[in-house]
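Since the structure is predicted, the reported quantities are computational estimates derived from the model, not experimental observations.
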Amino acid sequence: MRVAVVTFDGFNELDSFIAAALINRCRADGLEAFITTPTPVVTSMNGVEVTGQRPMEFLTEADVVLIGSGVKAREVVADDRLVSRLRLDPARQLIGAQCSGALVLARLGLLGSMPVCTDVKSRPFVEALGVTVLDAPFHAEGNIATAGGCLASQYLATWVVTRTLGEDAARDVVDYVAPVGENRETVERALRAVRAGEVVPR
C-alpha cells in the first residue's frame with residue numbers, strides 16, 4: 001500500500017514530514033509514504049528545499065493521498081493546470097488534507113456537505129467557499145479526512161495506519177514516537193481524536 005504525501009511549494013514542514021515519517025514506520029508491514037511534488041524540487045515556507053520522491057502522476061497509483069498545507073495553498077487552488085493534475089478517486093483511495101489542504105479538497109469538489117478541520121489562518125478562506133469548519137483537530141467521513149493544526153498531522157497518520165493496518169499497528173507507531181514517559185497518554189490521545197472525529201457511513 002502506497003501513500004502520496006502531496007507537497008506543494010511553500011509547504012509546511014510539519015504537515016508533510018510528520019505524516020510521512022509516522023506512516024513509514026510501517027514499511028515492514030507494506031505501508032509506505034512518498035513525498036509527492038508537482039516539480040522536482042519544492043521549497044518549504046521556511047526555505048528548506050526538498051526533492052520529491054514521486055511526481056504528481058503517482059497520485060493515480062496511490063492507495064492513500066494526503067494533501068499537505070502551505071503558505072501558497074490559495075495559489076495552488078487558483079492554478080487550473082496544477083489542479084487538473086490532482087486526479088483522486090475517493091471510491092478507491094483514502095484521501096486526507098492537512099490545514100489549508102482543505103481548500104484543495106473543496107476545489108476538487110470532494111467535500112459535498114462534509115464539514116472540515118483546518119488551521120486558524122485558513123479558516124476564513126475555507127468558510128468563504130461555503131464549507132463548515134469544526135473546532136476540532138480531526139474529522140473524517142468515509143474515505144475523506146481533514147486535520148487542523150500542524151501537530152494534528154499525527155492524527156491523519158494515525159487514521160491512515162488504523163484504516164489500512166488496524167488499530168494495533170497505529171498504537172505501535174504512536175508509542176514509538178511518543179515523548180518518553182508520555183507513551184500511554186500520547187497513544188490514547190491520538191486514537192481518541194481519530195475515534196471521536198470519524199463518522200462511519202451507514
Side-chain angles (χ1 to χ4, degrees), residues 1-8 11-12 15-27 29-38 42 52-70 73 76-77 79-118 126 129 131 137-148 152-167 169-170 173 190 193-195 197-202:
M1 293 172 286
R2 296 180 294 179
V3 181
V5 180
V6 181
T7 304
F8 299 108
F11 72 96
N12 183 317
D15 295 348
S16 290
F17 295 156
I18 290 176
L22 290 178
I23 291 168
N24 279 329
R25 296 284 179 188
C26 299
R27 280 198 190 103
D29 295 315
L31 183 64
E32 188 169 11
F34 300 90
I35 299 297
T36 303
T37 57
V42 291
Q53 296 174 291
R54 293 291 187 275
M56 296 296 272
E57 289 66 31
F58 174 62
L59 297 186
T60 59
E61 305 171 24
D63 303 288
V64 181
V65 177
L66 298 182
I67 301 173
S69 183
V76 169
V77 297
D79 187 335
D80 291 340
R81 190 172 181 181
L82 179 52
V83 170
S84 70
R85 299 175 67 189
L86 299 169
R87 299 178 180 178
L88 308 183
D89 181 3
R92 181 184 66 82
Q93 298 169 311
L94 295 180
I95 300 171
Q98 178 69 38
C99 292
S100 62
L103 289 169
V104 178
L105 296 189
R107 176 69 168 79
L108 294 173
L110 296 177
L111 295 175
S113 60
M114 175 181 167
V116 302
C117 299
T118 191
V126 175
L129 298 175
V131 178
F138 177 83
H139 181 74
E141 293 186 15
N143 287 345
I144 297 179
T146 57
S153 52
Q154 65 181 298
Y155 301 151
L156 269 185
T158 299
W159 176 71
V160 169
V161 176
T162 299
R163 286 287 303 269
T164 56
L165 298 176
E167 190 172 287
V173 168
V194 171
R195 290 187 195 120
E198 189 160 25
V199 176
V200 179
R202 294 181 179 179

Q93 side chain to I144 backbone, donor-acceptor under 3.5 Å: no
T36 side-chain N/O to F34 backbone N/O, donor-acceptor pair under 3.5 Å: yes
Could you pull out the closest heavy-atom pair between [X] and [Y], with the gap in Å?
X    : Y    : value
V194 : W159 : CG2-N, 4.0 Å
T164 : M1   : CB-SD, 3.7 Å
P90  : N143 : O-ND2, 2.9 Å
G96  : L156 : CA-CD2, 4.2 Å
Q154 : I18  : N-CG2, 4.1 Å
V131 : M114 : CG1-O, 4.0 Å

Minimum side-chain heavy-atom gap H139-T146 below 4.5 Å: yes
Non-hydrogen side-chain atoms of L66 and V160 separated by less than 4.5 Å: yes
List the residues meeting side chain to side chain donor-acceptor pair (under 3.5 Å) with [X], not counting sequence neighbours, and say none if there are none.
X   : answer
Q53 : none
R81 : none
R92 : none

Salt bridge (charged side-chain N to carboxylate O under 4.0 Å, His left out) pairs, two or more places apart, involving residues 56-66: R2-E61, E57-R85
Side-chain donor-acceptor pairs of residues 102-112 under 3.5 Å, sequence neighbours excluded:
from: R107; atom 1: NE; to: V77; atom 2: O; distance (Å): 2.8
from: R107; atom 1: NH2; to: D80; atom 2: OD1; distance (Å): 2.4

Separation of [Y] [atom2] from [X] [atom1] (nearest 0.5 Å):
X    : Y    : atom1 : atom2 : result
L22  : T158 : CG    : OG1   : 6.5 Å
N24  : L31  : CG    : CG    : 8.0 Å
N12  : C99  : CG    : SG    : 7.0 Å
T162 : L94  : OG1   : CG    : 11.0 Å
I67  : L88  : CD1   : CG    : 5.5 Å

Presence of salt bridge, E198 and R163, under 4.0 angstrom: yes
Those residues that, when tested against R54, pass salt bridge (charged side-chain N to carboxylate O under 4.0 Å, His left out) (two or more places apart): none
Test log, rule side-chain contact (heavy atoms from CB on, under 4.5 Å), inputs I23 and V173: CA-CA 8 Å; I23 291 168; V173 168; over 6 Å; no
Side-chain H-bond candidate by donor/acceptor type, T37 with T7, under 3.5 Å: no
Whether F11 and F17 hold their rings parallel, tilted or perpendicular, with breakpoints at 30° and 60°: perpendicular
Identified side-chain contact (heavy atoms from CB on, under 4.5 Å) counterpart of F8 within the set P38, S100, S16, S69: P38
